[in-house]
Amino acid sequence: MAKSRVLQQWRLEDSIELYGIRSWGAGFFDVSDKGEVIICPQGKGRGPQVSMMDVISGLKDRGYDMPVLLRIENILDSRISRLHECFRKAIHKLGYQGQYRGVFPIKVNQQQQVLEKIAQFGSKYHHGMEVGSKAELIAAVSQFCDKEACLICNGYKDEEFIDLGLQAMRMGFNCFFVLEMPGELDLILERGARMGVKPNIGVRAKLAVKAGGHWTESGGERSTFGLSPAQIVDVIDKLKDMGMLDCLKLLHYHLGSQVPNIRDIRTAVTEAGRLYMELVAEGAAMGYLDLGGGLAVDYDGSHTNYVSSRNYHLDEYCTDVVEAVMTILDERDVPHPHIITESGRATVAYYSALLFNILDYSVVESGTLPETLPEDSPETVVNLKEVYNSISLRNLQECYNDAIYYRDEMRQQFSAGQVNLRQRTLAEHFFWAIIKRISQEKSRLKHVPRDLEGIDANLADIYYANFSVFQSLTDSWAIDQLFPVMPLHRLAECPTQHCIISDITCDSDGKIDKFIDPQGMKSTLELHRLKEGEEYYMGVFLVGAYQETLGDLHNLLGDTHVVSIRIHEDNSYEYVREIRGDTVADVLSYVEYDPRRILEDIRAAAEAAVREGRITPSDRFEILQSFEDGLRGYTYFER
Ligand SMILES: *Cc1c(COP(=O)(O)O)cnc(C)c1O
């Protein structure tokens with residue numbers, strides 16, 4: 001009775017709040033009146049809207065199984081525009097004399113289509129690229145040709161890397177060699193002299209400030225990259241001796257990624273501003289100040305300085321940065337440099353979502369408990385029943401301890417052959433019934449004992465999801481990063497199940513059991529009861545940054561399908577690019593198998609079976625056909 005009332009009263013607003021979609025969605029994602037997640041590529045309340053369920057249905061008609069990584073191209077455009085517009089506004093408002101030059105750090109998403117789109121759309125803003133290796137440099141040079149945009153070469157550079165950068169300069173690219181280590185300078189000067197190209201040189205500074213957050217190990221005095229103040233002085237002296245101080249044009253630092261606290265960002269800019277001023281005073285040409293990455297994404301929507309959030313908006317970031325640089329340089333009338341940022345995460349995170357279906361579920365079964373115990377019931381079962389009957393608000397902790405004790409005792413007795421399978425099962429039923437009761441009762445306690453805090457998670461349903469955490473959500477597995485996860489439909493219905501999500505690898509780490517919550521984090525996610533014969537679709541959002549290239553082949557689950565859509569003003573959309581995910585043959589070849597050789601080996605085994613009289617020749621034909629189809633198939637669960 002009580003439950004059905006809750007169901008009736010559930011409104012769309014409740015789902016919006018529960019899943020936090022308006023907090024983390026940055027206006028790009030919302031819920032329709034039909035209770036489905038919609039995409040609003042121009043932001044909140046503006047422009048066209050498309051239901052993700054319609055996109056999925058279109059994919060199904062085109063023969064795609066889940067999982068699919070969906071890229072929404074317009075969102076990428078919007079992010080690049082916003083970054084530039086915000087800097088433009090701040091620069092204009094404050095009367096700053098330099099310009100903003102954004103660059104995209106390729107390592108954040110190296111996929112060809114992503115670079116191509118950034119190069120195309122970014123050209124009107126002279127959005128450049130940042131590269132950290134030879135491969136990334138070659139990729140960048142092949143994808144963009146804007147000579148006003150910056151091409152920043154970070155990373156440890158060998159002779160070939162430097163030569164490639166110098167060749168790019170000969171073609172007119174505005175290329176900078178950023179010194180990560182003092183030893184690189186000689187090589188750059190030597191190769192430049194040999195090729196007759198005067199290199200643009202930058203220095204990466206180790207700042208004293210170290211920001212808080214998950215990924216900020218690259219900052220601070222002990223960071224592995226960058227030059228100390230003393231090493232920077234050596235670089236200046238060497239260039240001065242050679243009469244080449246006019247090559248030193250850029251100061252760079254990188255605090256680390258996802259810096260949640262605006263205070264750290266401001267402190268770093270201030271320190272770098274001082275350093276910049278000193279370089280100018282030493283006679284270096286300068287002109288560019290490169291603040292690296294760090295601009296954070298509010299994954300949990302809490303707008304705090306928690307690691308998966310940020311306590312500032314883009315406007316504020318831009319204003320603070322421009323203002324801090326200006327304040328310092330104006331002290332000594334130093335001309336304002338062009339400001340470069342290398343924002344990767346904030347540029348691409350929003351534009352991809354991982355779509356998947358739920359294949360099955362399992363619940364904690366406490367079965368029906370018998371009124372009277374069978375006569376031969378062991379002492380332990382009798383004790384568990386007593387514990388069950390004695391539960392009250394006052395003895396929750398005690399009952400919990402007893403339940404654990406007797407359950408463990410029962411398991412030992414089973415191993416020792418003293419109880420049978422049915423007796424053990426009965427004990428488990430009582431055990432889980434006790435845990436469920438404790439979980440219900442504890443919500444009435446003012447102070448929940450530590451031991452009891454986590455028990456809800458043990459009672460959670462497990463929803464089996466058709467994807468691999470290792471392949472598609474690497475950071476969720478590796479460093480417990482939170483991503484927003486939610487159902488894509490049925491949002492007008494009350495989600496009655498408390499769940500954790502397990503992927504289809506058979507690894508116990510292949511799961512999501514931490515979810516965003518306005519109060520920090522929660523260990524279960526509310527989802528709807530699965531309906532017989534109806535797919536349940538979910539999405540993991542904001543996965544455009546870092547997840548794609550870190551993925552691995554756990555259990556030989558390969559790349560998912562990747563589909564890009566572009567949404568038009570009239571709410572229509574087209575599937576602009578489709579990349580089929582790995583086939584079974586593909587992933588096998590990554591681990592040194594030759595699919596043709598595999599078929600040959602299976603053919604030989606089948607032929608042997610024919611000779612032994614196990615199968616007929618036409619059975620053999622059927623068997624080989626199955627294996628050939630299998631090799632061509634998707635590595636994920638196909639319906
Ligand atoms: C990784 C990296 C970035 C990107 O940082 P985000 O926080 O993703 O914007 C920028 N610059 C350098 C040098 C990096 O190593």
Side-chain angles (χ1 to χ4, degrees), residues 99 101-107 110 112 115-116 118-119 122-123 126-205 225-227 231-254 276 279-280 282-290 292 337-338 340 342:
Q99 290 173 353
R101 286 280 182 268
V103 296
F104 178 69
I106 294 186
K107 73 150 196 272
Q110 296 125 325
Q112 185 271 337
L115 287 204
E116 182 185 309
I118 291 175
S123 69
H126 304 304
H127 203 78
M129 307 250 169
E130 182 265 355
V131 303
S133 67
K134 289 179 274 191
E136 289 185 356
L137 174 60
I138 292 171
V141 170
S142 78
Q143 296 299 313
F144 95 124
C145 55
D146 183 344
K147 304 301 184 295
E148 282 192 56
C150 297
L151 176 57
I152 307 286
C153 298
N154 286 328
Y156 200 61
K157 294 172 268 300
D158 64 5
E159 199 174 289
E160 192 171 32
F161 191 162
I162 292 165
D163 284 358
L164 291 171
L166 291 166
Q167 302 290 22
M169 286 188 75
R170 290 174 70 197
M171 289 192 283
F173 280 89
N174 192 19
C175 178
F176 293 85
F177 296 96
V178 178
L179 302 179
E180 304 263 9
M181 308 279 277
E184 290 176 328
L185 180 60
D186 287 338
L187 198 55
I188 293 168
L189 295 176
E190 182 208 312
R191 300 309 297 177
R194 189 173 297 204
M195 222 180 272
V197 179
K198 214 167 174 188
N200 296 323
I201 293 175
V203 285
R204 175 164 179 172
F225 281 122
L227 309 189
Q231 289 168 325
I232 292 177
V233 170
D234 288 345
V235 167
I236 293 170
D237 287 344
K238 179 167 274 170
L239 288 171
K240 214 178 249 175
D241 284 349
M242 301 177 73
M244 291 185 78
L245 258 183
D246 56 338
C247 291
L248 184 54
K249 293 185 178 164
L250 178 145
L251 174 67
H252 165 61
Y253 70 87
H254 175 61
Y276 182 91
L279 290 170
V280 171
E282 291 281 346
M286 300 313 286
Y288 294 87
L289 178 57
D290 176 354
H338 296 319
I340 297 173
E342 304 175 345

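In what follows, every heavy atom counts, from backbone to side chain, and hydrogens, waters and symmetry copies are set aside.
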message: Quick check: do Leu250 and Met286 have side-chain heavy atoms less than 4.5 Å from each other?
response: no

Polar side-chain atom of Gln143 near backbone of Ala139 as donor-acceptor pair, under 3.5 Å: no

- prompt: Say you draw a straight line from CZ of Phe176 to CD1 of Ile340; how long is it, rounded to the nearest 0.5 Å?
  reply: 5.5 Å

task: Answer yes or no: is there a side-chain heavy-atom contact under 4.5 Å between Val235 and Ile201?
output: no

- prompt: Is any side-chain heavy atom of His252 less than 4.5 Å from a side-chain heavy atom of Ile152?
  reply: no

- prompt: Does Cys175 offer a backbone N or O that forms a donor-acceptor pair with the side chain of Asn200 under 3.5 Å?
  reply: yes

pair Asp246-Lys198: side-chain heavy atoms closer than 4.5 Å: yes

task: Could you go through the side-chain contact (heavy atoms from CB on, under 4.5 Å) check for Asp186 and Glu190 one step at a time?
output: CA-CA 6 Å; Asp186 287 338; Glu190 182 208 312; 6.0 Å; no

field: Minimum heavy-atom distance Ala140-Ile106, with the two atoms named
entry: CB-CD1, 3.7 Å

- prompt: Do Met171 and Val141 have side-chain heavy atoms sitting under 4.5 Å apart?
  reply: yes

- prompt: Which value, rounded to the nearest 0.5 Å, describes the distance between Tyr288 atom OH and Leu251 atom CG?
  reply: 14.5 Å

field: Close side-chain approach of Leu187 and Phe161, heavy atoms under 4.5 Å
entry: no

- prompt: Under 3.5 Å, side chain of Glu180 to main-chain N/O of Tyr156, donor-acceptor pair present?
  reply: no

query: Do you know the tightest heavy-atom contact between Leu179 and Leu227?
result: O-CG, 4.1 Å

- prompt: Given the rule in the salt bridge (Lys or Arg N to Asp or Glu O under 4.0 Å) test, do Asp163 and Arg194 qualify, once you have shown the distances and angles that lead to the verdict?
  reply: CA-CA 10 Å; Asp163 284 358; Arg194 189 173 297 204; over 6 Å; no

query: Between Asn174 and Glu148, what is the shortest heavy-atom contact and its length?
result: ND2-O, 4.2 Å

query: Just by modelled atom types, is the Lys157 backbone N or O under 3.5 Å from a matching donor or acceptor in the Glu184 side chain?
result: yes

- prompt: Which distance, rounded to the nearest 0.5 Å, do you find between the CG of Asn154 and the NE2 of His254?
  reply: 9.0 Å

- request: Assess the pair Phe144 and Phe173: is the distance between their ring centroids shorter than 6.0 Å?
  value: yes

message: When you compare the side chain of Gln167 with that of Met195, does any pair of heavy atoms fall below 4.5 Å?
response: yes

Rounded distance [0.5 Å steps], SG in Cys150 versus CE in Met129: 12.5 Å

task: To the nearest 0.5 angstrom, please state how far the CG atom of Asp290 sits from the CZ atom of Arg101.
output: 13.0 Å

task: Search all heavy atoms of Arg191 against all heavy atoms of Ile162 and return the closest pair with its distance.
output: CB-CG2, 3.9 Å

message: Just so I know, are the side chains of Asp158 and Lys134 near enough to count as touching, which here means a heavy-atom distance under 4.5 Å?
response: yes

For Pro199 against Leu166, the heavy-atom pair lying closest together: CB-CD2, 4.2 Å

statement: Note: Pro337 and Tyr276 closest approach over all heavy atoms is CB-OH, 3.2 Å

message: Using modelled atom types and a 3.5 Å cut-off, is there a donor and acceptor pairing between side-chain atoms of Lys147 and backbone atoms of Cys145?
response: yes

task: Starting at SG of Cys247, measure out to CG of Leu239 and round the result to the nearest 0.5 Å.
output: 7.0 Å

query: Is there a salt bridge (Lys or Arg N to Asp or Glu O under 4.0 Å) between Glu136 and Lys107 once you walk through the steps?
result: CA-CA 8 Å; Glu136 289 185 356; Lys107 73 150 196 272; over 6 Å; no

